[in-house]
Each structure stands twice: as C-alpha cells, then as structure tokens.
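Just so we're on the same page: letters track the sequence lines, and every chain starts at 1. Just so it is clear, the structure is predicted and the values come from calculations on it, not from any experiment.
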2 protein chains.
Amino acid sequence: MALAEQKNKQIIEAAIAEFQEKGFAGASMDRISERAQVSKRTVYNHFESKEALFKAITECLAGRVQSYLHVSFDPKAPIRDELIRLGWSQGKLLTDPCAMSMVKMVLGEVLRDPDLASHMNKRMEMVMIIKTFLDATVKSGHLNIPDTLTGAEQFLGLIKARGFYPKMFGEAVATHEEMERIIEETVDMFLSRYGTGKA
Amino acid sequence: MALAEQKNKQIIEAAIAEFQEKGFAGASMDRISERAQVSKRTVYNHFESKEALFKAITECLAGRVQSYLHVSFDPKAPIRDELIRLGWSQGKLLTDPCAMSMVKMVLGEVLRDPDLASHMNKRMEMVMIIKTFLDATVKSGHLNIPDTLTGAEQFLGLIKARGFYPKMFGEAVATHEEMERIIEETVDMFLSRYGTGKA
DNA sequence: TCCCATGTAAACTCGTCAGTTTACTTTTTG
DNA sequence: CAAAAAGTAAACTGACGAGTTTACATGGGA
C-alpha cells in the first residue's frame, strides 16, 4: 500500500498549493490532479469531492498546529523567563513558513464559512492555553491579573499584532530575531502592567 | 443623471453583498444584477468587467475608512483621556458593522493578491497616524516611549486583538460597551509601560 | 504466476459563468 | 418634442469546471 500513501501525499501537497493560490472556489480539480502528477480519477478515489479534499486539508492543518501547543508554568523559574517561554509557544508557530502558509489558505475560506470557523477555533484554542498558564502565575503570586482571560487575549494580541497579522499580507514570515524582540517587548509590557515584583 | 447614480449605488451595494458572501471567484455577475434589481447589461455599462467592479468597491471601501481617521494630540488635556480618544479613533471603525463587513470582504481576496494588499495598506495606514500621535506625547513629556513605531503597533494590536480579529469570524461586531472596556484596558496597560507620571 | 485493487488517459455530461447581442422601452436634455 | 443616452429582458457564445464513464495498464500479495 506504499503507492496509495505516496499518491495521497502528492494530492494533499498539490491541493494545499492550489487552494492557497486560488481559494476554494477558484481551485480546479483538474489542475490539482495535474500538479499532483496523478490522474483525475485517482484524486476522486482518495477524496469523494472537492469539499472533502478541502476538509481533509483543514484537518491536516489543525493537527500540525495543535502539535505545537504545549507549555506549562514552572513556579520555581524566574517569571520573566517563563513568560518568554510562553511567548515562544506561539512564536514557534508564527515563524514556521509551512504552518503559516496553511493558516493563510484556510483563513480566506473561514471568513465566508462560520461553521468551518468555529470548528477551526475549537481545534486551535490558543487563548485557553495561555489563560491556564496565567492562572498558574497568579496562584503562585508572580503576577496580579484581575481577569486572566483578558490578560491572555492581550498577551496573544501583542504578539500577533506584530508577528502574525502583518505577515498575512506578504510572502515572508517573521524571522527568529524579529520574533525574539516581539516576545521580549510583549513580556516587558505585560510585567509593567501585571507584575508583583516577585521574581 | 439622477437615475444613473441611483443604479450605480444599487449595483455597488449588491456587489458588496455578493462578493462578501461568495468571494471574488464565487460571486456571479448574474446574481449581482438580480440583487441590484438592474439588468445585467446595465451592470456592464457601469463597470467594464467583474474585476473593474471589484476594484471600484475596494476604492469605495478605502475612502470610507479613511474618512474615519483624524485625531491629533492636545498636550493640555489629561494624557489618559487623550489616549482614550486615540483608541476611539480606531474603535469607531471597528464598531461600525458596515465598515467591518466591507473590510471582511476585501480581506479574503487580499490574502491571495499581494498587489491589492499593498494598495489597501497604503490607503489605510493607521499605524502611522498613531505613531504621529505618540511622537507628540513623547515630545511633550507625557509618555516615555523608546520606539514609537513599536509602541503604535502595540497599541493597535491590543485593540484589534480583542475588538477586530475575533469579530472577523462571526457575524456581530463589538458593541460600544465592549469597545470601551477594550480601549480602557489598552490605555491602562500602555500607561503602565510608558507613562511618566505627568498627567 | 494470477488476480484484484489501484492507477491512468481521455472523452463525455451537465451546469454555470463572464461577457455580448438584439430588439425594445424609458429618461434626460437641447 | 425629438433625439440621444441609458435601461431592460432574454437569448446566445465560448469557456471552464465538477464529477463520471470507459477501456486499458500496473504492481504487489496469495
């Protein structure tokens, strides 16, 4: 069955490229099969329809993104370092050109399909991960945040505002150095606002 | 010429709705003429092609958005109030359902068309307006911001992270009350980080 | 080696869409 | 009022796309 898997991969790669360049409506199954070096019928053997192919790709994306998101608070380490680690849990994703190109592809469709949107949202709940982290920092007395959900949104907003959204409209993603500055400045602002002085 | 203008307006309104629901590729000129209660030929009398109609709409959007953006710093007023005014210069836009629905429409296409993206960017340079404002606050000694461009991005990021991007994926826009909270919390964070104590 | 699941190429159906054409009516204006 | 400008309805052209069908090839497990 090595062949089938190989073909499957070729189709998915080609479909990602095609959907990203043309959007769902603009993409053509003929072109996808051509790009995948595979006959059209083979595409339909692997995926029932254009829609099914698109959904499979979003699943694939959600899976890849989710694998990035693991971070928990260590109360014994310096709080600034811990917040920087938290920042990097997002920064890693935003500096990965592959992940970003997929996010970009899905975003265009998501704007028009609220169902797909809420589905993707559920599978990419970054805010809740950050909130959980911040709850722990509050419990240990390192930060004083009256509303950790707001805090999480602000933290993520500060990073995305400079490392994500501006990159949506160009080719490049943020470099490692850029992201490092963004995260440090985010943490500085966050500590000015919510810090308790406890290291 | 009152009739021609009337028809023109009908077409643009219908086209905004259609493009927003279906995207550029998915939109149909037949359906646009139907929605506009106008014959198809009339649409083509007003706009040479689908592309031309879309471009006209983005121009129209850029114009409406630009008209929102006017705010300058008054050094004699309390700094917190001034920053809140600055926040509202953006907040007004983000709480206007009409403006938001147009932004949403264009965004999907912009993700696929870097030329259109840079064109829209130039016509909606919010960051520079905020930077100019912040430069003035630094000059008057009210704030201490080492890098006002970064500061402007952070300020805008804090607002958009909660008042704009989350709303992109749903129907509603932020309410006035929501936006008020968002702006106040943004200003609080900003003053914690960059405030000099001078009122 | 045989067989069947899988792959291939190419033609085909049927629908839709951008844009045009035709024959006619309404509105504006000189 | 008369003619020019703008609008209308409906049919038409040519292209393209999703998904199917047909007839044939291939490769890996029994």
Side-chain angles (χ1 to χ4, degrees), chain A residues 1-60 105-106 108-113 115-116, chain B residues 1-60 105-106 108-113 115-116:
Chain A
M1 287 287 154
L3 193 83
E5 275 165 51
Q6 172 61 23
K7 298 285 166 186
N8 197 283
K9 212 171 118 188
Q10 283 173 33
I11 293 167
I12 286 187
E13 288 308 310
I16 287 174
E18 175 77 6
F19 280 129
Q20 195 194 325
E21 274 171 39
K22 316 271 175 138
F24 181 80
S28 135
M29 293 296 267
D30 283 298
R31 221 153 32 218
I32 288 172
S33 69
E34 209 173 296
R35 292 173 94 134
Q37 309 249 60
V38 138
S39 86
K40 192 176 176 180
R41 199 64 192 77
T42 300
V43 175
Y44 279 96
N45 283 341
H46 285 255
F47 303 95
E48 264 204 341
S49 65
K50 193 182 182 183
E51 199 124 326
L53 176 54
F54 186 76
K55 287 243 168 89
I57 284 175
T58 66
E59 280 304 313
C60 163
M105 178 201 80
V106 174
E109 301 314 317
V110 141
L111 288 172
R112 242 159 268 129
D113 184 347
D115 283 352
L116 184 59
Chain B
M1 284 286 158
L3 190 83
E5 275 166 49
Q6 172 62 23
K7 297 285 166 188
N8 197 283
K9 211 172 117 186
Q10 283 173 32
I11 293 167
I12 286 186
E13 288 308 310
I16 287 174
E18 175 77 8
F19 280 129
Q20 197 197 321
E21 275 172 38
K22 316 271 174 138
F24 180 80
S28 135
M29 294 295 270
D30 283 297
R31 224 153 29 220
I32 287 172
S33 70
E34 211 173 293
R35 293 175 93 134
Q37 309 247 60
V38 136
S39 83
K40 191 175 176 180
R41 200 62 192 78
T42 301
V43 175
Y44 279 96
N45 282 341
H46 284 255
F47 304 95
E48 263 205 343
S49 65
K50 193 181 181 182
E51 199 123 331
L53 176 55
F54 187 78
K55 287 243 169 89
I57 284 174
T58 65
E59 281 303 313
C60 163
M105 179 201 79
V106 174
E109 301 314 318
V110 142
L111 289 172
R112 244 159 267 129
D113 184 346
D115 282 354
L116 184 60

Rounded to whole angstrom units, what separation is found between the CD atom of B:Gln6 and the P atom of C:dT26? 19 Å
May I ask you to evaluate whether B:His46 reaches the phosphate of D:dA6, defined as a side-chain N or O under 4.0 Å from OP1 or OP2? no
B:Thr42 and B:His46, any side-chain heavy atoms less than 4.5 Å apart: yes
Answer with base, sugar-phosphate or nothing: what part of the nucleic acid does B:Ala25 contact at a heavy-atom distance below 4.0 Å? nothing
Is the backbone of B:Ala27 close enough, under 3.5 Å, to the side chain of B:Lys50 for a donor and an acceptor to pair up by distance? yes
Spacing of B:Met29 atom CE relative to D:dC12 atom P, expressed in whole Å: 22 Å
Classify the nucleic acid contact of A:Lys7 as base, sugar-phosphate or nothing, counting any heavy atom under 4.0 Å across all strands shown. sugar-phosphate
NZ of B:Lys22 versus C1' of C:dA18: gap in Å, rounded? 16 Å
In whole angstrom, give the distance that lies between atom CG of A:Asp30 and atom P of D:dA15. 16 Å
Any B:Thr42 side-chain N or O less than 4.0 Å from OP1/OP2 of D:dT8: yes
Between the main-chain N or O of A:Gly23 and the side-chain N or O of A:Glu109, is there a donor-acceptor pair closer than 3.5 Å? no
Return the nearest nucleotide to the side chain of B:Tyr44; candidates are C:dA18, D:dG19, D:dT8. C:dA18
Starting at CD of B:Glu18 and ending at P of C:dA18, how long is that distance when rounded to a whole Å? 9 Å
Heavy atoms from C-beta onward define the side chain here; which of D:dG19, D:dG7, C:dA18 lies closest to that of B:Lys50? C:dA18
In plain terms, say whether A:Arg31 and A:Glu21 are close enough for a salt bridge, that is, a side-chain N and a carboxylate O under 4.0 Å apart. no
With distance as the sole test, does B:Glu18 use its side chain to make a donor-acceptor pair with the main-chain N or O of B:Ser28 at under 3.5 Å? yes
Give the rounded distance in Å between these two atoms: CZ of A:Arg31 and C1' of D:dA15. 13 Å
A:Arg41 vs C:dA10: side-chain N/O to OP1/OP2 distance below 4.0 Å: no
Specify the separation, in whole Å, of atom CD of A:Gln37 and atom P of C:dT6. 22 Å
How close or far is atom P of D:dA18 from atom CZ of A:Phe24, stated in whole angstroms? 9 Å
Is B:Ala36 touching bases, backbone alone, or none of the nucleic acid, heavy atoms closer than 4.0 Å? nothing
